[in-house]
Structure formats: structure tokens, C-alpha cells
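In what follows, chains carry the letters A, B, and so on, assigned in the order in which the sequence lines appear, proteins first and then strands, with residues in each chain numbered from 1. Owing to the predicted nature of the structure, the values given are computational and were not obtained by experimental measurement.
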Amino acid sequence: MSELENLCALAECTVARTGKCHLGTDPVERCPNYAPTGTSDEDALPKGEPAEKTVEPIEICSGDVMQVGDLARFGRAHAFRSVALVGEHRAGKTTLIAAIYEMFCKGPYAGWNFAGSRTLIGFARRYHLALLNSNRTNPTVPRTSRSDPASFFHLALSRSPMTKPMHLVISDRSGEAYGDARIDTSLIKELPELMQAQRACFLLDAGRLGTKEQRAAYSRQFKQMINAFNDNGALVNTKFVEVLATKMDLPRAHADANEQARFLDDYELQVMEEFRSILPGFGFYRVCALPKADQSIGFLGLEDMVRRWTAPAALPDVAQPPIMDAVRQIDRLGAKWGARAA
Amino acid sequence: MNPNRFMVFGLQGSGKTTFAAALWHLVDSREVSTALVKGKHVGDYRYLEKIAQSWCEGWQVERTKSDEVEDVRISLRHPGSGAELVLEFADLSGETLEKAFATRLCTQKFVDLVAEASGLLLFVTADKFVDGVTILDTLGPLGAIEEEPEGSRTEDTPWDPSTTPLQVQLVDLLQALRREPFRRNPFRIAVIVSAWDLTIETSADDWFAKKLPLLDQYLRSGEGAVAARVYGVSAQGGPLPKRGDTPTPERERLLSLVASKRIKVVGHGACQHDLTHPLFWLSGLDGKS
């Protein structure tokens, strides 16, 4: 593999070993010194001497997150479940995704075995700041950039080696983009991940909701976001809409934990009342994907959430619709018999 | 594709070189009976001889440096059927895989090797095994960390591929074999847990499921391999000093044994010292799945 050692014209660059550009260019392919096609030493070869054959390194799959185009290609070959995570900045979307990855890193989870992921590198990139070898004392996930398009994480999950895996795809995007779309609804059409999602999850930051200073505006804006997406047709294809109250460790660790819990209970009732009848399969759930403030709470609600997301789809109703006001007498009679039998 | 050509797959320090040295001595010396025997002695065996010499003398076999050796190949034969098998140690240093993980690039030679392989010997080590420990894991059930106030957060450290948990790296690389440019159908994979003498587990399967659960799930899902087995292997037989270090009583003990009997193999009915058993299974000659 010696040909990989000359990936960069700069002698001090360790890109071949670490994958990182010495000059900080990302992606590394944009660096002008990357993957030199020849070196000055080659020019110095005496004429007539055959130059050493340069073997181009071969690219392997990136393993990073999928973009909309990648997902379309993936969808042509595989049926998949699609979940869109929607929420304001720092609501915990990426943390939730990283936590699901962590759970499978520790063993079978929610009745499923890990059977592969097209986006394992994407997961690893989101999770590295939670590892002990990150030299941090406070686990976190990297911030999702506002300029990044929607990204999709993939998990193939199987019940047994004999069955085909189920493909779960979870979308992630910066909270600012969703915040902007709430205020200016013309931006909603630029969020394709919602249109193709079978399940939309609105993430409610329980930590923010517990802060007296922020709760009034935040609780209003949260409901406004659901309404904005629903009123502008972004949820038209979703079969399930759920609210996930995240960071449930924060209210518990707070001095006025009881008051915060009461407020959250009341707010849950309000939200259920307001959306239960207008949104399909609506539910309100509490989760904790990174129990930093109170470890005793554990990964609350995460396993149930994965079970919900991966539950077998209801079988389609294939019964013949009843005949109403049939023209022929025989059909009217048939309808009567059918109704009596039912 | 040769139906009995197997490749070795493992990151640096996973025990491939010691395995190669011990296997070479085992089949060359014929001190104990094995499922497979040595095939034709044709080729350049300088490197194998060098590491086998070190192994025989009771010294730690030194880790292979990437520029030290190109290819190591051991030919084997099944005495019952006469079938010939080849074990290719094309990346004895393990650097090819580590670079491929970090840079997402590999060589045509590696692509060809994968195309020609019909099974895979995957190496992990039980030595100093700590993988993917999180900050929360170290806190304990009653621990707590204060939330970082908004705006106080410093620039995130960029992701360094080399800090990725070993099991994630291995799953990613094995998955890559299923996609372009390899496009390999899954094959049999025999996992070798090297330095097995350092564990207190009795079952290699249990150790593997406990220590590398993501990789274990992947291999058993049917997506990563048509079948997978885990063997615990101590190719040295115990801890050995580096050449030049003070000899230890354990080395003396091991040297007093018939050299091939230093080897310990655990799992799936393998005879106690038979390093060829995983290869015998990979070949399918045992008729078992």
C-alpha cells in the first residue's frame, strides 16, 4: 500500500494516515496539494528510463451520511422506514441519533440486532465527543451546521439471520433551518425530508421548557412549529406524528423539579388536546438520550421509541367497500346480506 | 476465484504475525496432528522463517512494519480430500486497513485480493482490551455533569478516525467489501481472538459478544457473513519477553514444552493446538455450516 503514502505533496502532511489535511482543508480532495499526480523527482528521471508506474488509489464507499440524492438511490433498491427529526437549535436531534447508534454498539437493542449501516462513519463522527478518548469531561455531539443540507442516517436491523433486515432511515438537519421555516413558511418546501417521512418527530427541549424565563415563548413557538408544518402540507405523507420531550434529565436535576414536572404534564395535556384529532397517530413521549445531569434516569424512553419506529406496519385494508345505492336489485340484496353477516 | 483461498483481515497489533509464525512452525514441523497439513514448499519463505525462528526461541514475535514484507502466503492441504488451500497474509502490518478506514482509499492489489478470496480470517486481540468507553460509562450510576451554558462551548475537536472504536472500524471495513469497488457476496468468516491466554473467559463466543457486540451482531445477522465462528487462540502460549529482555520463568516453562504444544486453540471442537481448524472450517471441507 506504499502508493498511499504520497497522497499529499507536503511532506509533513499525515493525510494518508489520519485522513485529515495538514492545512485543514475539508474535504481533503479540495486541497491543491492532495493526491499529486507526479513529483518533482519524477521529472528528474533521466530520459529513456521508464518512469515508475503510478497506481491510482481506489475509492471505497464513504460511509458518511446520505444526502437526498443518495437516499433516492437507496430507496430504489430497498424499502425503508423514514423518520424525520424536527426541532429548534439544541433540541437534541443529533444526540438522539447518536444515542441509538451507541445502544447498538453495546448490544442488541429493542428486540433488534444490528445488521449494518450505510452511514457508520456518519454515526462515528457524531458520537466521537462522547467517548472517553475524546479527552473531554463533558460528553456532547458536534453541532449540525446551518449550511448543511438534510442528512440521513441508516440502520439495517434484523430479528434473525434468516429474515431480511428492516431499513430505518433517520433525517437530521440544523435546528436553525427549522426555526427559520417556522417563521417564514415559504422555506418549508425546502425541507424535503419531511415530505418523504413516514413519521415526523417534533423534539421538545424539556430543559428549555423548565426555564421560567424561556418557557412562555418556547412553548408557544413549539406548537407554532407543528402548526406551520401541518398547515403548509409538510406532514401530508406522514402516518405518525409524535412529540419527543428530550433532555428529561434536566428538569429532574433542577432545584424546583416538582414545579417543572407539573408544567410539563400540563403542557403535554395541552399539546395532546390540540393535535390529537388533527394529526395522524399523534403521541407525546419523554426521552433522555444523554443522561448527563442525572445518570439515574438512564436512557429514558429510548428503547420504546425505537420499538415504535420499527413496529410492523399495519396491514392494508383489502376488504371490498360496501355498495351504496346499487342500481341492480341483486346488488342491493347482496349489500343487505353483507351488512347482516357483519 | 480459488475456492480455498483465504485472506487475513485485522488492524495493527491484532496478532496476525504471531499466528503466521506459529502456524508455519506447526505445519512445517508436524509435531502434532492437525486438520490441514503443509502444502507444497514453493516460494519465498524468508520472512516466515525469520518470525518462526523468533517464535521457536521463545521471544515475542515483533510486529510487522509495513515496509518490511510484501506478501506472506502459506499453502495447506487437506489430507483426506487432497484439496489445496492458501492463506494470504497480504497486510500483515494491518496498516492497509487502517489507512483505508481513515482515507477511504485502497489499492487495486487489495481489491484483487478480496475478489480472489473465498473466506476470511478476522483477527482481534484480547490483550488490553478497552473499546468504545464513553464519558458517561466512567461516571457511575449516580454521577452527574453540569450542562454547558449556551455560548460557552468551545470549538469541537475534529473527528480523528483512529479514535473510532475498533469494532466500528472493522464493521465499516467489512461492509465496504459488499459495495463498490469490491461488490463481494458475504463469505465465511472465522474470528481469531488472539492472546486468548490473557482472558478469564472460557468461551470465545461469549467473549466476542461481550467485548465487540456491534461486530458480533453484524457477523451473525447474515448480512456480514454467510456464517461466522469465533476461536480463542494463544499462538504464543503465554506472555513472552521481547528478544533481548530478561528471560522470564514463564518463557522457561513454555520452552520446556514441545513447541507446537505451546499453542492453545479454543472453540468449535478444535483440537487443543490445531491452528488449522479455523481454516478447515472456512474451506467447508468439514461439511458443517
Between [X] and chain A, with a heavy-atom cut-off of 4.5 Å, which part of the residue counts as in contact: side chain, backbone, both or neither?
X: B:Val133; result: both
X: B:Arg220; result: backbone
X: B:Gln175; result: side chain

- Task: Begin with the C-alpha distance, continue with both residues' side-chain angles, and end with the deciding distance and a verdict on side-chain hydrogen bond (donor to acceptor under 3.5 Å, both in side chains) for A:Thr310 and A:Trp112.
- Result: CA-CA 9 Å; A:Thr310 55; A:Trp112 293 98; 2.8 Å; yes
- Message: Can a donor-acceptor pair be found, under 3.5 Å and without considering hydrogens, that links the side chain of B:Gln169 to the backbone of B:Phe101?
- Response: no
- B:Asp160-B:Thr163 side chain donor-acceptor pair, cut-off 3.5 Å: no
- Query: Would a line drawn from the ring center of B:Phe123 to the ring center of B:Phe9 be shorter than 6.0 Å?
  - Reply: no
Any idea which of [options] has the most non-hydrogen atom pairs under 4.5 angstrom with chain B?
options: A:Ala156, A:Pro161, A:Gly63, A:Ser134; result: A:Pro161
options: A:Phe123, A:Phe114, A:Tyr127; result: A:Phe114
options: A:Arg118, A:Lys164, A:Met162, A:Arg159; result: A:Arg118

- Query: Looking at side-chain heavy atoms only, is the closest gap between A:Val65 and A:Arg126 below 4.5 Å?
  - Reply: yes
- Query: So which of B:Gly224, B:Gly222, B:Pro213 has the biggest tally of heavy-atom pairs under 4.5 Å with chain A?
  - Reply: B:Pro213
